[in-house]
Amino acid sequence: MDIHTTTLPRTTTQPAVRLVDVHKTYAGATPVAALRGVTLDLGRGTVTAIMGQSGSGKSTLLNVAAGLDQPTRGRVVIGDQDTAGLSPDRLTRLRREQVGFVFQSYNLIGHLDVRANIELPLVLGGRSTDEAWLAELVGSLGLTGLTGRLPGELSGGQAQRVAIARALVTRPTVVFADEPTGALDSRTGAQVLELLRDTARRLDQTVVLVTHDSVVAAAAERVVLLADGLVVDELLAPTVEQVTARMLGLGR
Amino acid sequence: MTGPWGLALSGARAHRAGLSGTALVLAAAGAVVSMVGVLLESGLRAAPGVDGGLLTALASSYAGTALVVVLLVTATTVTLALRGRRRELALLRTVGATRGQVRQQVSREVLLVAGVAVPLGALPGVLLARRLVPLLVDAGVLAPGGELAISPLPALGAVALLLPTALLAGRLAARETLRSSPTEAVRDSAHEAPGIGGVRRWLAVAGAVAGLAAAFSPLVVPGTIGAASAATSAFLLVAAACLAGPLLVAATFGRASRLPGARTGAPTRLALHNLRGYSRRLTTVVVPLALALATGTIQTSVDRSVAEAAGQQLTAALGADLVVTGATTPDRVREATALPGLARVVPLTDTPAEVRTDSDDLPDGLVWERTSLRAVPADVPRDVLDPGVTEGSLAALAEPGTVAVSSDAAFELGLDLGDAVPVRVEGAEHRLDVVAVYDRGLGLGDYLTDTSTVAALGGAPAATTLLVDADDPAATGALRGLELGVATAEGYAASVVSADAALQRLSTVLLLALLVFVGLGAATALVLSTAGRRAELALLHRTGATRRQLVRMTLVESVLTGLLAWVIGTAAVVPAVVGVSAGLLGWHLPVVDLPTYALLSGAVLVTSVAATVGAATWAVRLPRGRTAAA
Ligand SMILES: Nc1ncnc2c1ncn2[C@@H]1O[C@H](COP(=O)(O)OP(=O)(O)OP(=O)(O)O)[C@@H](O)[C@H]1O
Ligand SMILES: [Mg+2]
């Protein structure tokens with residue numbers, strides 16, 4: 001599959017998400033500096049892969065960029081909205097309207113069936129479900145026939161696909177995905193990725209995904225490498241080999 | 001499934017096991033409150049055949065304790081039920097629920113459960129009150145054939161009281177999840193933050209200070225009022241202990257769990273880690289247990305102290321050789337007085353009356369307190385009857401329209417020498433001037449007048465007690481021959497103190513009802529928190545813990561939980577017991593109802609162990625539960 005040729009036009013206009021000198025330190029007995037000054041623009045309609053070793057701060061970066069967590073220092077701008085001065089509820093609404101998030105740990109509600117889990121952001125936003133869009137998501141994510149099941153009755157990969165459907169159902173302008181293909185075999189993983197890129201193109205979405213998989217990363221137009229809470233490298237239109245090489249380089 | 005109500009319904013359905021426990025406790029709370037409500041309403045309405053004043057007094061003194069206990073247990077249960085939902089609420093926030101939506105979801109679920117359970121419980125509560133009728137008749141509160149007022153008001157009262165309490169508890173429980181950012185909330189829900197917030201810390205300190213102040217209020221406030229306020233200190237101290245709970249737990253078990261476990265087995269070490277790690281959960285289950293111990297002990301000990309103080313005062317006040325009772329009519333009195341061999345006879349006549357305790361414009365039952373005027377000859381010698389006058393003099397009672405009041409009553413009504421007391425005798429109101437204040441009110445009653453004053457008020461004497469000095473031993477026999485009760489002063493004091501056996505039985509039954517409720521709350525709390533640990537137990541099981549080890553672990557936890565509850569309950573009661581005793585009996589060895597205390601201590605341990613181990617055995621027996629894909 002020749003993935004890296006399908007690049008999207010990079011927009012030069014205002015980025016979808018902008019991080020300026022973002023620091024995040026987890027308080028505790030021994031404070032952990034998970035991000036130590038990250039500056040990053042995520043252009044509209046682009047697909048960006050974040051890579052780095054375990055513990056390098058990828059999930060933290062995603063949480064902060066999506067407005068799920070507050071940075072300790074620095075600015076996060078989503079669309080044209082600086083998140084710094086927002087009340088928690090304004091921030092929640094901004095997230096609900098503009099951001100889709102696929103969690104590393106799925107975060108499905110155990111007592112709601114698959115359909116209800118997918119619809120949840122719409123219900124919370126007081127919006128009605130676009131049945132056609134829902135059917136399309138369910139179909140292309142291979143969830144047909146599973147909509148009546150509870151999360152506890154799904155395999156790990158199925159649960160992950162439900163989480164992806166839930167992130168996309170609101171047609172957000174930015175989608176963050178924390179290892180969205182982590183629990184999937186390479187074939188299903190490739191399909192899911194295809195769907196993410198497809199939707200992104202159709203809806204002019206910005207996609208940011210964390211991955212450990214060089215093949216997945218190479219499908220993005222841009223790879224950002226993180227080490228110890230800092231951006232240490234960046235690749236544009238990378239090949240699988242380049243990505244693998246850089247990752248090996250980080251390990252040294 | 002659409003809309004927030006759908007979410008609430010689905011949540012309630014999914015957690016029906018936990019919620020049914022909550023519903024049970026809420027229903028029981030509804031029952032207790034509506035039972036108290038029926039008694040109170042009947043007292044205030046004072047229908048024919050109902051001694052309104054006495055019933056109101058009885059119901060309102062019980063209501064105080066009952067409401068504190070019911071509200072605390074209700075709040076605890078709701079908090080605990082929602083604790084198991086923290087992860088779910090946190091997840092909702094990551095998906096885009098605003099804090100308002102989470103709060104609403106919690107409120108809706110609480111409303112669903114409480115709105116059904118409380119009214120359902122209120123009905124049996126009314127039936128429960130009707131079961132008390134025979135006891136009320138025995139205690140003289142109801143005339144035989146008298147009926148309690150039955151109306152929807154008590155049930156409405158229960159709803160009006162418990163719904164807001166449950167909602168508030170739900171809000172406070174949700175607050176933990178709402179305070180932090182969504183991702184933090186998801187992480188936090190997996191474990192418990194150690195330590196407590198600043199507000200909680202200050203509330204704990206305030207509770208402890210208020211509790212200690214209340215415990216030692218008898219130093220400032222005399223008699224039964226001081227004793228009653230001292231008794232409230234137990235609740236304040238239990239509340240303070242629970243607020244500070246996580247810190248106390250860390251202090252108690254923190255070191256123990258770090259001990260090198262060379263000789264302690266795995267279950268014990270796990271148990272200690274659990275108690276320390278889940279100090280909030282532990283605190284919540286400890287509340288009802290400690291409360292049961294504190295309530296039962298303090299209530300019975302206060303009763304004991306009052307009885308003991310009354311006996312002591314009577315013995316000290318009575319100087320006569322013999323006390324003769326049973327002379328119910330003036331003729332019988334004359335007959336007895338005429339017997340040969342009696343050196344001196346002093347009659348004490350009791351006349352039912354009511355005293356206005358409050359000048360506010362409230363229902364009769366609340367402002368007029370039933371009591372009796374005790375007529376003594378103004379010139380009664382000190383060596384026959386000594387009320388312990390502290391101000392004024394008994395001799396002044398010779399003046400018509402005067403009264404001597406006990407120091408308790410003087411304090412309660414704010415009376416001084418020269419003030420007028422509004423009194424109602426046979427339906428007619430009068431004002432009596434205070435000419436003396438005396439100390440021994442518990443033994444002698446709160447109001448003494450001269451015989452002529454009572455006669456002028458047109459009162460109908462109910463009973464006459466004769467204080468007799470006999471120089472001829474045969475006189476005792478002669479009095480007995482008249483079928484009168486004859487006793488020494490000490491014997492009489494003892495019999496007066498235990499004479500109210502029927503009233504005692506009534507208050508025991510009421511206390512028992514309350515303890516049953518608290519026991520139910522405690523058991524529910526334990527079962528809820530243990531059942532909520534199925535995932536944790538399953539994980540330990542998968543990691544290699546045998547079922548035996550798991551059950552042993554929960555056994556150790558439950559014993560330690562019971563002990564902690566026992567220590568907190570006991571510590572909370574000690575200042576109150578000391579204060580009550582000091583207020584009523586002076587500073588000496590405090591009076592404690594030891595049998596009750598021992599019984600409740602045992603019950604606390606047994607409840608803790610039985611409910612926890614039972615639920616744990618169930619939890620580890622069942623096939624591994626569906627765990628939410630998370
Ligand atoms: N809540 C927390 N409290 C304290 N430290 C944390 C917390 N969450 C993450 N960390 C620390 O912050 C650093 C970055 O964590 P993060 O989860 O962002 O890593 P990651 O790159 O996503 O790793 P992985 O690939 O394993 O998911 C790590 O050292 C981690 O231990
Ligand atoms: Mg991660």
Side-chain angles (χ1 to χ4, degrees), chain A residues 26-27 29 59-60 62-64 66-70 87-101 103 105-117 119-126 128-129 149-156 158-160 162-163 166-167 170 172 183, chain B residues 1-19 84-85 87-105 109 177-191 193-195 534-535 538 623-630:
Chain A
Y26 290 109
S59 297
T60 306
L62 239 56
N63 286 338
V64 169
L68 278 163
D69 224 338
Q70 306 284 342
S87 75
D89 279 351
R90 281 283 307 282
L91 188 57
T92 301
R93 261 181 239 118
L94 176 71
R95 263 197 302 124
R96 207 161 60 196
E97 281 151 21
Q98 309 218 8
V99 178
F101 204 105
F103 293 90
S105 49
Y106 321 152
N107 286 3
L108 302 180
I109 308 272
H111 63 80
L112 298 180
D113 65 17
V114 165
R115 190 192 154 102
N117 260 293
E119 283 179 324
L120 198 53
L122 297 173
V123 172
L124 291 169
S128 59
T129 309
R149 294 227 198 144
L150 292 174
E153 301 159 347
L154 300 176
S155 73
Q158 289 166 340
Q160 189 157 48
V162 174
R166 185 177 65 185
T170 56
Chain B
M1 201 245 40
T2 44
W5 276 106
L7 266 184
L9 259 177
S10 162
R13 214 173 316 125
H15 298 275
R16 56 187 173 276
L19 286 177
R85 311 282 305 281
R87 182 174 173 80
E88 179 194 329
L89 298 180
L91 290 186
L92 273 179
R93 287 191 62 205
T94 62
V95 186
T98 60
R99 294 180 306 167
Q101 282 176 319
V102 171
R103 270 196 291 265
Q104 265 178 33
Q105 153 110 6
E109 279 190 37
T177 311
L178 296 178
R179 253 194 320 216
S180 43
S181 78
T183 47
E184 215 178 306
V186 173
R187 269 195 308 269
D188 269 358
S189 61
H191 69 95
R534 264 180 78 185
R624 182 149 44 94
R626 275 204 313 253
T627 37

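In what follows, chains carry the letters A, B, and so on, assigned in the order in which the sequence lines appear, proteins first and then strands, with residues in each chain numbered from 1.
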So does Thr94(B) get a backbone contact from the side chain of Arg95(A), meaning a donor-acceptor N/O pair under 3.5 Å?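 Yes.
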
CD1/Ile109(A) to CG/Leu89(B) distance, rounded to the nearest 0.5 angstrom?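 CG of Leu89(B) is found 8.5 Å from CD1 of Ile109(A).
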
Starting at CZ of Arg99(B), measure out to CG of Asp89(A) and round the result to the nearest 0.5 Å.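 The CZ atom of Arg99(B) sits 5.0 Å away from the CG atom of Asp89(A).
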
For Leu92(B), which atoms come within 4.5 Å of any heavy atom of chain A: side chain, backbone, both, or neither?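 Interface part for Leu92(B): both.
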
Measuring heavy-atom distances to chain B, does Asp69(A) have an atom under 4.5 Å in its side chain, in its backbone, in both, or in neither?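 For Asp69(A), the contact with chain B is made by backbone and side chain together.
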
Please classify the contact of Arg90(A) with chain B as side chain, backbone, both or neither, using a heavy-atom distance under 4.5 Å.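 Neither part; nothing is under 4.5 Å.
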
Chain B: which of Gly125(A), Pro121(A), Gly67(A), Ser59(A) shares the most heavy-atom pairs with it under 4.5 Å?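 Option with the top pair count is Pro121(A).
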
